[in-house]
Amino acid sequence: MTLYNCHTHTFTINHVPRRFIPPVLTALIKLKGVRWFARKLWPFTDRDLIERYINFFEVSLSASQAEVFNRLQGYYPNSATEQTKCIVLPMDMAFMKAGPVPVDLDKQHEELSKLAQLNPAVIPFIGVDARRNNLLKMVQKWHKQHGFKGIKLYPPMGYYPNDIRLEPVYEYAQANNLPVMSHCSRGGVYSKKVTKAMLQEPHPLGKPVVKQKPKAFTDIYTHPANYELIANKYPNLKICLAHFGGDTEWDKYFEDAWSPDSSEENKSWLAVITDLIQAHDNIYTDISSTLFKKDHYLDLLLVLLENKKIRERVLFGSDFYMMEREKSEERKMAIKIRSRLGETLFKQIAVTNPKRYLGE
Ligand SMILES: [Zn+2]
């Protein structure tokens, strides 16, 4: 049996803009001695905050994507009876206004392509940003010549998934059975100020775009309701809204009182996504990051999976190596999810649904 982890990353610090992580911190953490010293200095348990952040940085400091992937592969079954394949999602971070990216996107894709040729467990996706020139050409190149299997979007980087510049990509993806994976949880972006252009861009749902803090603005781009129009316009384009809305929205679902009559704004993104899944046949979601964060989310997931349509649209994923920042380790949580779901449900989200999503 082949299991699928539908959401992983292998990009390294070389693919991240220079100013994204404070240069002093990068310089310090690059020194092995500093990492050793920080670990020794910290007198508590072996998996505390500082340890986790150092683990995270150590992964990102890896010299190659192959090195990062080896670590990931070591957390999952890889035996004669059970193998694991992973969708690897590149990041186009060139337009986030955080300075130059040391190794450009083309090189990032090239390295990933070589890794996928050597290791059949790698399922490479193409990193797409609406603001990049010659987008369609780039997508065609990595799909046709190098066998990449899907499209990765990251709207909080500063664009709507409905951006008109993405339409040729959606058309091509739909015609060629390439699924889309789009980041869908709050925050998680670098944005210094709200520009005039950002305010003038028409909101996909026709809402007025009012000046807010940059952080709030990223949520306007990322909002799952933006996908309603895309789901209708491209009914055969499979779109996965990653992270199932994210942990803050799962907390909101648990903690806030709301009814079907309450306004869209008050609705948890989790509910927006499940509504989208019910209303369309091409919307998926994944449990990456979110379900690795808090134990009691598993109870809610089990209840949600009672619904047939939702059960057939949820994908297993972890968000490696972002998980190295969390208290719960990759393997521990992956096994916990599998055991709590039971083999039938786990196979549904880690084998059956991923295969359909990937068009295999
Ligand atoms: Zn991710």
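In each ligand, atom 1 is the first atom listed, and ligand 1 is the first ligand listed. The structure presented is a predicted model; accordingly, all values stated were derived computationally and were not measured.
Around the Zn ion (ligand 1), protein N, O or S atoms at less than 2.8 Å number 3.
A cation-pi arrangement is absent between Arg331 and Tyr75 under the rule of less than 6.0 angstrom and at most 45 degrees off the ring axis.
Among the candidates Tyr284, Trp250, Phe316, the single residue satisfying the ring pair (Phe, Tyr, Trp, His ring centres under 6.0 Å) test with Phe244 is Trp250.
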Do Asp295 and Lys336 pass the salt bridge (charged side-chain N to carboxylate O under 4.0 Å, His left out) test, and can you show the C-alpha distance, the side-chain angles, and the key distance before you say yes or no? CA-CA 9 Å; Asp295 236 37; Lys336 187 174 262 183; 3.0 Å; yes

Stepwise, does the salt bridge (charged side-chain N to carboxylate O under 4.0 Å, His left out) test hold for Asp163 with Arg131? CA-CA 9 Å; Asp163 193 301; Arg131 294 159 293 184; over 6 Å; no

Run Arg165 and Asp129 through salt bridge (charged side-chain N to carboxylate O under 4.0 Å, His left out) and show every step you take. CA-CA 9 Å; Arg165 291 167 289 188; Asp129 185 302; over 6 Å; no

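Listed by chain and residue number, nothing satisfies the salt bridge (Lys or Arg N to Asp or Glu O under 4.0 Å) test with Arg356 (two or more places apart in sequence, or in another chain).
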